[in-house]
Amino acid sequence: MNLEEKIKAIRSSLEEDCSKVSSSNQLQELKVKYLGKKGFVIELTKNMQNLSIDEKKMVGKYANEIKSEVIKKLEEMEQSLKEKELNEKLKKDVIDPTLPATKIKVGSKHPLTKVREEVENLFVSMGYDVVSGPEVEEDHYNFELLNLPKEHPARDAQDSFYITEELLLRSQTSPVQARTMLKNEKKEPIKIICPGKVYRRDEDDATHSHQFSQIEGLVVGENVSLADLKGTLTIFAKKLFGEARTIRFRPSYFPFTEPSYEVDISCFKCGGSGCNICKQTGWIEILGSGMVHPNVLNACGYDAKKYTGFAFGIGIERVAMLKYGISDIRNLYTNDVRFLDTYNRVEGDQ
Amino acid sequence: MKLSRKFVEDYIALPKDISIKDLAEAMTKVGNEYESAKRLSSATNIVVGKVIECIDHPDSDHLHVCQVEIKEGEIRQIVCGAPNVRAGILVMVALPGAKLPGGIEIKKGVIRGQESNGMICSLSELGIESKYQSEEDKTGIHILDDDAPIGTDALVYMGFDDEVIDFELTANRADLLSMLGMAYEIGAIYRLPVKLPDTKVQKEVEDISNYLSLHVETKNCPLYLARMVKDVKIMPSPKWMQMRLIACGIRPINNVVDISNYVMLEYGQPLHFFDYDTLGNEIHVRMAQKNETLTTLDGKERKLCEEDIVIANRDRASCLAGVMGGLDTEVEATTQNVVIESAIFSPYHIRRTARNILRSESSSRFEKGLDPNRTYEAIDRACYLLEKYANATVIAGLIKHDTMEKNTKVITITQEKINQVLGLSLTLDSILDVFHRLSFETEVSGSTIQVTVPTRRLDISIEEDLIEEVGRIHGIDDLEEKLPLVSSKPGSYERKYEKEKQIKQRLESLGMSEVMTYTLTSKENLAMFTLDEFDPIVMQDPLAEDKMYMRYSILPSLLQVAKYNLARKNKDLALYECSDIYYLKDGKVQTKTYLAGLICGTVLENLWQHQKIKADFYYLKGIVENLLSYLGLANRYHFIVEKVPKEFHPYQSACITLDKDVIGYIGMIHPKLAKESIYVFEIDLDYIFEKRIRQIKDKEISKYPTIEKDLAFLVDRKVYVDDMIKTIQKASGKLLVNITVFDLYEGENIAEDKKSVAFRLTYQDVNRTLQEEEVMVLFHKTIEEVTKKHQAILRDK
């Protein structure tokens, strides 16, 4: 066999051998067979002493060429074998991704807190301060400063828990208004909301709770008007119940505001055409509001001739019940974890 | 307050095309909400019929077969079961096709073989409440008077075609507790004039001063008027009057009593009628004496107090002023001479007495305040009606005690002020229009308006009240939406509340869900989970035993929530609540903000992978540590074994300290209180709110290798691992960067009172690679210190 034939033979033998390889061991054997000390490639360069320089060069060149060819081929083989073997190994680790996941437990906010914070965030973004006040309150702040003297008949509407003649569990968050106005010595303008718990002597049932929570709002300044109240509450209604909401004012009576208005929002379920939620009226009563009564302003050191203001009171339970469709107010205080879990998520789109 | 359409139409000509629903809606728009607006009876197709013949049903022991004339010459057979049906009476007949309240439709039928073409009705079947019915009416059909025209609409004849709106009025509108007040309000809405009732009697005789003398002995009766009529004839009042009373929710009694109620409904002024012959010739208005008694109309003996106002004769109390009359002086069937009282009493006292005795139509009007001019008008109106409907002879003259101011109020207001507050731009004319619609007189100069407010509107006394009227009657549907331009600074939270929010958020990310429970609690719960001696806040008039005190700890409520859930197989719980607690100190109210947490069941679980982390002491401790570190308090808190409240497991609990102060407790609930393993903590957040927290400061991270050393000690079980750690830290110094407990063993192969604790110590320097030799020096020093200090024995590896 001449050189060319020998090389050809090596090539075809390699092809054949490679096609049979199925493990690293076999590949190792091939390495020895072709590249080892007694391998086919070395064999080519044996007995070179009889050859001319030119011939030697030629054989050397061919031998090197075939050597790199073999190395390359074997490396490729090795690579593909490794991958194959790895794949075999991975195959054994197959899992069923549809098996149940590990339950990651992250706690949730109480629905009343969700509503409260949503309202707080809105008003803070409009420059309101969030202010708190005591739940055990003096009659003076809870009623008298708010234009509700002792014999006032409207006190009947708020049967309260008294501790002494002068001390009670606050029946509304409004006393915080009075406290804030009195505390402001320079009589600067005021923009506050006051969230918190309040208490009334009602027997607990599906729609009444002896403990509930309110968010009071108060703005006092020069030239504050009913139009400002309407604008503010419209933003509130849209934020909590959707962009399409409109509001309407219904004249009403609260001792601490004059004029006073009940505020209705257009029904978020039917859009105003009438349904069971809005009792076929298209409107849902949502809060009470009005222009701060001059007696309240004057009693709290703001000259009613110079300042006007508006105030509103939102029942957090009422908003939560409407927003989430909660039918029994007691559910909010029973804390069944299945109930609480429902609220462990972001708010939906309106 | 119920409004009868027929009643109010006496004073105002309401167009027929305004439906009762329209009227109710229009009233709502001006601030008067209503509960219902409907016909007195919703029945249809009811005619007056005459029973011509009535025989017993052949196949029944109680039914009758009647021949009823329902139109002249038209007779129908109707089967009727009423015991009082008989030939010759006039009745109300529901013809086939008639609809009765409750959705019943009358059809032709056959009852036990007898054809029946309609139904003879009882009042109940027409939807009239039984409290307005006579005993006969309650058990049978209603028999009409002989003048009822056969074939005509029986509902019209009876007045059941009246329409009624039931209003829920606001507390300020005392004037609307009368048909006249309603008439003025409706008049303002529809621009209609109000026509006042007749009060002029035909004939007056003698003089009242010959009969009566008045002695007002208390300042709590600023106005007292009395008139007299004699020779009244007690009988049923006219049907129309009875129907109006029924429409307004008052049961008719007899003509005299009905007139007193009728006038109250007209004017809002409650009247009281005394039988002159039992009252005597002196009227004393005075405060009751202590322990004085009075038997009221309902036959009950009432024990009075010095805060009750009474009307008395020379000897004794005859009437609880404004609330209820006395039985002795009641107008009865035999009464001949009547004293009429029209007065104003102190609202405060009436309110007090009514709360103790009975709240009535009368007392609620006194409580809200009355128009003194109407006190005069009402008493004359009563005389007029008694003369007309009770054959009374009216005695001339009026006995009076009057200390009330009756000056009309004049309020000055400007167009600018109205527009500024309402945010509208109304013209002077449209403002004046509102006042005129309300029948307020005005005088204008420039943009200043002087408004004279009638005395009936007790609720109006200042400018803002007039502004409200303009807003109400003009309407504010076209009000713009603006925003207040009072300050432009960022809104803020109070520091304490901001911290509270951070705490809540962290706890939620640690897997704890927020709950909200009641502040008011029972005596039993009040004493739980605290070692403090404190003065609790007690409700004067609690709703229930379990809502008597302001709670001093949140844990009893949390435990209750846990038990509620466990009973419903909600086994895995991780809950917290943050709430203020209240108590008294030296008579002053004190408050603290507490945080309580509870876990039980498993905290992480994957059953098919056999993974499970159970809630236990150390998991909860981890939550508390994580929270405190998050709040920047790492290295400032400890868990120490000191006395804890008895509700905790005595050997699985600890005090939590912050800068050496005890700020709360952590531990397992005592097995006596719960059969499940429940772990709780409670801390006083006020300690945390007060602490100054250092700013976050970057720390250099060492790039040099660490050297780890393990060691295990055999120590007495009573030795606290935390103390050993402190000793190790002290002995090893700054180069010790981490220490972990990687094994704890008690049991076989070691003495019963001993435990084996294994630590892994990690040494590192920020500036260089540590040499094994120098670490070994520290390591041996550490072993020596621990051995010495804790009587520990180093265990072989």
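No hydrogens, no waters, no symmetry mates; every other heavy atom, side chains included, goes into these values. A note on names: the letters A, B, ... follow the listed sequences, proteins ahead of strands, and every chain is numbered from 1.
Between chain B and the residues A/L169, A/I104, A/T308, A/D341, the largest count of heavy-atom pairs under 4.5 Å involves A/L169. Taking chain A as the reference chain and counting heavy-atom pairs below 4.5 Å, the highest number among B/Q609, B/K29, B/K547, B/R568 is found for B/K547. Here B/L479 is the residue among B/L479, B/L169, B/N32, B/L607 with the most heavy-atom pairs under 4.5 Å with chain A. Chain A forms more heavy-atom pairs under 4.5 Å with one residue of B/V603, B/N565, B/L507 than with any other, namely B/N565. Between chain B and the options A/L168, A/L99, A/V131, the largest number of non-hydrogen pairs under 4.5 Å is found for A/L99. If you tally non-hydrogen atom pairs under 4.5 Å between each of A/T334, A/L167, A/L112 and chain B, the highest count goes to A/T334. Note on A/I190, A/N121, A/N344: by heavy-atom pairs under 4.5 Å with chain B, the leading option is A/N121. Looking only at heavy-atom pairs under 4.5 Å with chain A, the residue among B/D541, B/V589, B/V561 that has the most is B/D541. When the candidates A/T164, A/L332, A/L340 are compared by the number of heavy-atom contacts under 4.5 Å with chain B, A/T164 comes out ahead. Ranked by heavy-atom pairs under 4.5 Å with chain B, the first of A/A227, A/G221, A/A101 is A/A227. When B/L510, B/L485, B/L422 are compared by the number of non-hydrogen pairs under 4.5 Å with chain A, B/L422 comes out ahead.
Proximity to chain A (any heavy atom under 4.5 Å) is shown, for B/E463, by neither the backbone nor the side chain. The contact between B/Q611 and chain A is made entirely by side chain atoms (from C-beta outward), counting heavy-atom distances below 4.5 Å. The part of B/I537 that comes within reach of chain A is its side chain, from C-beta onward, which places non-hydrogen atoms under 4.5 angstrom from that chain. Within the 4.5 angstrom heavy-atom criterion, only side-chain atoms of A/E285, from C-beta onward, approach chain B. Using a 4.5 Å cut-off between heavy atoms, B/T519 contacts chain A through both its backbone and its side chain. Only the side chain of A/I235 comes within contact range of chain B, with heavy atoms under 4.5 Å apart. Heavy-atom distances place both the backbone and the side chain of B/S579 under 4.5 Å from chain A. For a residue to count as touching a neighbouring chain, one of its non-hydrogen atoms must lie under 4.5 Å from one of that chain's; by this rule A/E120 touches chain B with backbone and side chain alike. Looking at A/D204, only its side chain comes within 4.5 Å of chain B, counting heavy atoms on both sides. Only the side chain of A/K191 comes within contact range of chain B, with at least one heavy atom under 4.5 Å from a heavy atom of that chain. The contact between A/F310 and chain B is made entirely by side chain atoms (from C-beta outward), counting heavy-atom distances below 4.5 Å. Only the side chain of A/E117 comes within less than 4.5 Å of a heavy atom in chain B; its backbone stays farther off. If you measure heavy-atom distances from B/T28 to chain A, the contacts under 4.5 Å come from both the backbone and the side chain. Of the two parts of A/V337, the backbone and the side chain both hold a non-hydrogen atom closer than 4.5 Å to a non-hydrogen atom of chain B. Heavy atoms of B/D459 lying under 4.5 Å from chain A are absent altogether. Contact annotation for A/R248: neither backbone nor side-chain heavy atoms come within less than 4.5 Å of a heavy atom of chain B. B/Y493 touches chain A through backbone and side chain together, each having a heavy atom under 4.5 Å away. Within the 4.5 angstrom heavy-atom criterion, only backbone atoms of B/V30 (N, CA, C, O) approach chain A. At a 4.5 Å heavy-atom cutoff, the contact between A/S252 and chain B is made by backbone and side-chain atoms alike. With a 4.5 angstrom heavy-atom cutoff, A/K197 touches chain B only via side-chain atoms. Looking at B/V470, there are no atoms closer than 4.5 Å to chain A (heavy atoms on both sides), in backbone or side chain. Heavy-atom distances place the backbone of B/P490, and not its side chain, under 4.5 Å from chain A. With a 4.5 Å cut-off on non-hydrogen atoms, B/V515 touches chain A through its backbone and its side chain both. Residue B/E33 touches chain A through its side chain alone, counting heavy-atom pairs closer than 4.5 Å. In this structure, chain A has a heavy atom under 4.5 Å from the side chain of B/L575, while its backbone stays farther away. Neither the backbone nor the side chain of A/F254 has a heavy atom closer than 4.5 Å to any heavy atom of chain B.
Judged by distance alone, the side chain of B/T602 and the main-chain N or O of B/E605 form no donor-acceptor pair under 3.5 Å. In this structure, the side chain of A/S209 does not engage the main chain of A/F212 through any donor-acceptor pair within 3.5 Å. For A/S266 (side chain) and A/T246 (main-chain N/O), a donor-acceptor pair under 3.5 Å exists by modelled atom type.
Under the ring-ring contact (aromatic ring centres under 6.0 Å, His included) criterion, the residue pairs touching residues 565-584 of chain B are B/Y552-B/Y583, with sequence neighbours excluded.
Taking the side chain as every heavy atom from C-beta outward, B/L566 and B/L573 approach each other to under 4.5 Å. Using a 4.5 Å heavy-atom threshold, the side chains of A/V136 and B/M550 count as touching. Side chains of A/V130 and B/E494 form no contact here, defined as non-hydrogen atoms less than 4.5 Å apart. Between A/K306 and A/E222, some side-chain heavy-atom pair lies under the 4.5 Å cut-off. The shortest distance between side-chain heavy atoms of B/F366 and B/S346 does not fall below 4.5 Å. B/Q590 is not listed as a side-chain neighbour of B/L584, based on a closest heavy-atom distance of 4.5 Å or more.
Salt bridge present: B/D572 and A/K105 bring a charged side-chain N and a carboxylate O closer than 4.0 Å.
When each of A/E317, A/H210, A/Q211 is paired with A/Y333, the side-chain hydrogen bond (donor to acceptor under 3.5 Å, both in side chains) condition holds for A/E317 and for no other. With respect to B/E367, the side-chain hydrogen bond (donor to acceptor under 3.5 Å, both in side chains) criterion is satisfied by exactly one of B/R359, B/R352, B/R351: B/R359. Shown are A/F123, A/F236, A/F249; of these, the ring-ring contact (aromatic ring centres under 6.0 Å, His included) with A/F312 is made only by A/F123.
Counting non-hydrogen atoms of neighbouring residues, nucleotides and ligands closer than 6.0 angstrom, the NZ atom of A/K187 exceeds 12 such neighbours.
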| Residue pair B/E468, A/Y261: steps toward the side-chain hydrogen bond (donor to acceptor under 3.5 Å, both in side chains) verdict | CA-CA 10 Å; B/E468 172 158 51; A/Y261 293 94; over 6 Å; no
| message | Run the side-chain hydrogen bond (donor to acceptor under 3.5 Å, both in side chains) test on B/D546 and B/Y518 for me, step by step, so that the C-alpha distance in whole Å, both residues' side-chain angles and the decisive distance to 0.1 Å come before the verdict. | response | CA-CA 10 Å; B/D546 65 344; B/Y518 297 133; over 6 Å; no
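A/S225 contributes atom OG, which lies 7.0 Å from atom CD of B/Q420 (distance to the nearest 0.5 angstrom).
For A/R201 and A/Y199, the positive end is not near the middle of the six-membered ring at less than 6.0 Å and at most 45° from its axis.
For B/A574, the side chain to side chain contact (heavy atoms under 4.5 Å, CB included) partners are B/M512, B/I599, not counting sequence neighbours.
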